[in-house]
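Below: the structure, in structure tokens.
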Amino acid sequence: MCLLVFAWKAHPDLPLVFAGNRDELHARPAAAAGFWDDAPQILAGRDLQAGGTWLGVTAGGRFAVVTNYRDGLNPVSGRHSRGELVSEFLRSKMTAQEYCLQVQARGDEYAGFSLLTGDRDTLWYVSNRGADAQAVAPGVHGLSNHLLDTPWPKVTRSAARLQLLLETNHPGSDALLRLLSDRTPAETDELPDTGIGMELERKISAPFVTDPRYGTRCSTAILLGDAGLDFTERRFTPAGTTLETRHFMIEVTA
């Protein structure tokens with residue numbers, strides 16, 4: 001997932017309002033969001049190559065998402081898949097703080113990543129590229145393939161739209177998915193230089209990326225409140241047309 005924006009403790013009824021796009025090679029096999037047979041408490045899509053997931057929740061209100069850290073055109077592979085960081089937390093009973101501190105201690109086992117873990121009461125962030133485990137402050141935040149709140153154009157643009165949505169409407173999944181559907185690339189003078197060349201930087205600078213080989217595979221909207229969890233996933237073809245939309249309402253248990 002290459003773009004996510006979220007409001008943490010910034011809405012009176014919803015501790016977490018989340019919108020995220022997962023960008024990946026279209027050839028990499030993945031299952032749509034659903035409850036896992038081998039871990040029925042987990043609701044998530046699944047990477048069918050390594051077995052983990054990029055984003056998931058549980059019926060108990062736990063939440064986790066991972067993004068990769070852009071390390072140029074030839075990043076060093078890790079000994080373990082980054083997707084296991086999400087599924088491992090969702091399977092565990094560790095607090096978000098405990099888990100992020102543990103991940104910090106073994107971060108060199110993975111290629112570059114940023115990880116968010118939490119529940120209705122707490123949200124923690126850690127990266128193995130220069131960000132120690134830390135509690136996320138209340139407010140609107142954004143994350144792409146760098147550190148939390150790095151002001152890349154797609155991050156700042158999408159976070160501003162989420163802030164406006166919070167101020168003018170009761171946020172819903174349809175509005176969050178519309179926010180994620182922006183296919184406008186950034187201007188050349190706004191682009192970061194992450195070692196992949198300006199042509200590719202511009203191609204993937206839009207919140208929603210379309211390309212026959214690599215692009216936005218799915219968009220996810222999550223609304224987590226005291227009464228329950230609203231989870232919507234919309235999947236796309238390589239051309240960027242909608243493949244299917246899955247919606248789940250979960251009554252969060254203690």
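Note that the structure is a prediction, hence the values are computed from the model and not measured.
- A chain of hydrophobic side-chain contacts below 4.5 Å, direct or via other Ile, Leu, Val, Met, Phe, Trp or Tyr residues, connects Leu55 to Phe248.
- The distance between the ring centers of Phe208 and Phe236 falls below 6.0 angstrom.
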Next on the checklist: For a side-chain hydrogen bond (donor to acceptor under 3.5 Å, both in side chains) check, start with the C-alpha distance between Thr53 and Arg46, then their side-chain angles and the critical distance, and finish with the verdict.
Outcome noted: CA-CA 5 Å; Thr53 187; Arg46 199 158 199 175; over 6 Å; no
Next on the checklist: side-chain hydrogen bond (donor to acceptor under 3.5 Å, both in side chains), that's the test. Do Asn21 and Ser219 meet it? Break it down for me.
Outcome noted: CA-CA 4 Å; Asn21 279 340; Ser219 297; 2.5 Å; yes
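- Counting only distance, with no hydrogens or angles, the side chain of Ser144 and the backbone of His146 share no donor-acceptor pair below 3.5 Å.
- For Arg70 and Glu201, the salt-bridge test passes: some basic side-chain N is under 4.0 Å from an acidic carboxylate O.
- We find that Arg246 and Glu233 are not joined by a salt bridge, their nearest charged nitrogen and carboxylate oxygen being 4.0 Å or further apart.
- Applying the salt bridge (Lys or Arg N to Asp or Glu O under 4.0 Å) criterion to Arg91, with sequence neighbours excluded, gives Asp38.
- In this structure, Met198 shares a hydrophobic cluster with Leu191, the cluster being traced through Ile, Leu, Val, Met, Phe, Trp and Tyr side chains under 4.5 angstrom apart.
- Using a 4.0 Å cut-off between charged side-chain N and carboxylate O, Asp182 and Lys154 make no salt bridge.
- For Trp8 and His141, the ring centers sit 6.0 Å or farther from each other.
- Looking only at side-chain heavy atoms (C-beta outward), Glu88 and Gln102 come within less than 4.5 Å of each other.
- Ionic pairing of Glu24 and Arg82 is not present here: no N-O contact between side-chain nitrogen and carboxylate oxygen is shorter than 4.0 angstrom.
- Each of Phe231, Trp124, Phe18 was evaluated against Phe63; a single residue qualifies, Phe18, per the ring-ring contact (aromatic ring centres under 6.0 Å, His included) test.
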Checklist entry - Between Ser127 and Tyr69, does a side-chain hydrogen bond (donor to acceptor under 3.5 Å, both in side chains) hold up when you go through it step by step? => result CA-CA 9 Å; Ser127 171; Tyr69 186 100; over 6 Å; no
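- The cationic group of Arg129 does not satisfy the cation-pi geometry with Phe113, failing either the under 6.0 Å distance to the six-membered ring centre or the 45° limit from the ring axis.
- Here the closest heavy-atom approach between residue Leu148 and residue Val136 is recorded as CD2-CG2, 4.5 Å.
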